[in-house]
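Just so you know, ligand 1 is whichever comes first in the structure, and atom 1 is the first atom listed for that ligand.
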Amino acid sequence: MNHDSARYTKTAVIFHWLIAIGIFGMFAIGWYMADLPKEAPKQMAFDLFDLGVYTWRLPEAVSPRSFYFNLHKSIGITLFALIIIRILWRFTHKPPALLSSYKDIERKLAAGAHHLLYLLMIALPFTGLKTAIYSKYGVKWFGMDFIAGVDDKAVRDFYKEAHEVIGIIILIVIGLHILGALKHKFIDKDDTLKRMLLK
Ligand code: HEM
């Protein structure tokens, strides 16, 4: 075990896990909603993901596709705001140094993946927001009008494609990031993962 492993602060740990859960949740809604039919009866109550765990009630009837798209956009812009706050906070709060046991190549890979993740965490919701703005529906935030739709199919299709491609890239980088964390936990048996957990 390394004894030089300063931990991340509580704020850093909460930002990290809250945003990680948010991103996985957004993938779940994104994939789920993409398969919903365009024509379907409108309803006023939705059993979330048909799991029988929570029923969301609305003041007016909408189609399942419209409900899940609006949910994706509402949670997405909230998460986008949280990501921006996290990045601004990060500029003024330096993380602890990487463990001294890291090899040079590991330092480069870790720093590269972290920077890339910050970039992708901006690019993914940004392209999603643009997709929504250039559709005819625009963006509502949990039922409240937020940004009106511009309805330009060509621009919308461009951002939709970008949103999907960036989604795949971030999944690959997140996968490598998790593999790195697991390697430190089970092969190197060092404190890397522990530093990113609340005590
Ligand atoms: C980090 C946050 C986000 C993640 C992980 C995410 C993920 C996804 C995924 C997996 C899809 C399905 C793509 C497919 O069809 O394969 C999707 C579609 C979509 N997302 Fe996001 N998204 C995020 C943020 C946002 C935001 C902030 C908005 C808008 C405010 C947004 C708007 C959309 C729209 C409109 C589509 C559907 C495009 C279409 O099929 O017409 N997304 N997203």
Side-chain angles (χ1 to χ4, degrees), residues 11-40 42 46 48-51 56 58 60 62-91 112-181 196:
T11 316
V13 174
I14 291 169
F15 268 136
H16 177 276
W17 293 109
L18 206 58
I19 290 171
I21 292 167
I23 290 177
F24 284 119
M26 287 296 290
F27 271 104
I29 306 173
W31 285 327
Y32 184 84
M33 72 188 196
D35 291 335
L36 292 172
K38 289 216 163 103
E39 306 294 332
K42 295 185 175 182
F46 290 88
L48 277 189
F49 299 116
D50 287 327
L51 292 173
W56 191 306
L58 299 174
E60 55 177 326
V62 296
S63 71
R65 191 173 167 90
S66 157
F67 170 74
Y68 284 101
F69 265 63
N70 281 326
L71 188 63
H72 184 85
K73 294 180 204 172
S74 300
I75 298 177
I77 43 181
T78 312
L79 190 60
F80 194 12
L82 193 66
I83 289 167
I84 292 171
I85 295 169
R86 179 188 185 182
I87 292 175
L88 293 177
W89 177 88
R90 172 70 168 70
F91 279 129
H114 299 163
H115 284 112
L116 197 54
L117 280 172
Y118 277 117
L119 188 74
L120 294 166
M121 277 193 293
I122 288 289
L124 186 55
F126 174 78
T127 49
L129 186 58
K130 286 288 204 179
T131 308
I133 291 172
Y134 286 99
S135 77
K136 61 180 174 224
Y137 305 105
V139 188
K140 281 190 181 140
W141 189 74
F142 295 107
M144 281 177 275
D145 286 331
F146 187 63
I147 304 173
V150 175
D151 195 10
D152 184 328
K153 192 175 177 315
V155 183
R156 187 196 90 99
D157 286 352
F158 168 79
Y159 281 112
K160 183 181 169 218
E161 190 74 29
H163 193 53
E164 288 174 13
V165 172
I166 294 167
I168 295 167
I169 299 174
I170 203 172
L171 275 182
I172 295 170
V173 182
I174 291 173
L176 295 172
H177 178 71
I178 295 174
L179 279 180
M196 198 36 111

Side chain to side chain donor-acceptor pair (under 3.5 Å): pairs with one or both residues in residues 123-136, sequence neighbours excluded: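 Matches after skipping sequence neighbours: Thr127-His163.
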Any salt bridge (charged side-chain N to carboxylate O under 4.0 Å, His left out) involving residues 24-40? Give me the pairs, sequence neighbours left out, ordered by first then second residue.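 Those involving residues 24-40 do not exist here.
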For residues 142-158, which residue pairs qualify under salt bridge (charged side-chain N to carboxylate O under 4.0 Å, His left out), counting only residues two or more places apart or in two chains?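 Passing the test, one end in residues 142-158: Lys153-Asp157.
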Euclidean distance, [Y] [atom2] relative to [X] [atom1], rounded to 0.5 Å:
X: Leu116; Y: His177; atom1: CG; atom2: NE2; answer: 11.5 Å
X: Ile122; Y: Ile84; atom1: CD1; atom2: CD1; answer: 5.0 Å
X: Leu124; Y: Ile168; atom1: CG; atom2: CD1; answer: 11.0 Å
X: Leu82; Y: Ile14; atom1: CG; atom2: CD1; answer: 11.0 Å

Out of all atoms in ligand 1, which are within 4.0 Å of some heavy atom of [X]? Include the element for each.
X: Leu129; answer: 28 (C), 29 (C), 30 (C)
X: Ala34; answer: 15 (O)
X: Ile77; answer: 27 (C), 30 (C)
X: Trp31; answer: 10 (C)
X: Phe27; answer: 5 (C), 10 (C)
X: Ile23; answer: 5 (C)

With a 4.0 Å cut-off on heavy atoms, does Phe126 reach ligand 1?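 The answer is no, since Phe126 has no heavy atom less than 4.0 Å from ligand 1.
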Given Glu164, Met33, Lys160, which one has a non-hydrogen atom that is nearest to atom 19 (C) of ligand 1?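 Among Glu164, Met33, Lys160, the closest heavy atom to atom 19 (C) of ligand 1 comes from Met33.
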Around atom 21 (Fe) of ligand 1, how many protein N, O or S atoms are there at under 2.8 Å?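 Total protein N/O/S atoms under 2.8 Å from atom 21 (Fe) of ligand 1: 2.
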Taking atom CZ of Phe49 as the centre, does the number of heavy atoms from other residues, nucleotides or ligands within less than 6.0 Å exceed 12?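 Yes, enclosed.
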Which atom names give the shortest non-hydrogen contact between Pro64 and Phe46, and what distance separates them?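 So the two residues come closest at CA-CE2, 3.4 Å.
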Do any N/O atoms on Arg156 end up under 3.5 angstrom from N/O atoms on ligand 1?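 In this structure, Arg156 places an N or O atom under 3.5 Å from an N or O of ligand 1.
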Aromatic centroids of Tyr32 and Tyr68 separated by under 6.0 Å: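 Distance test on ring centres: under 6.0 Å, yes.
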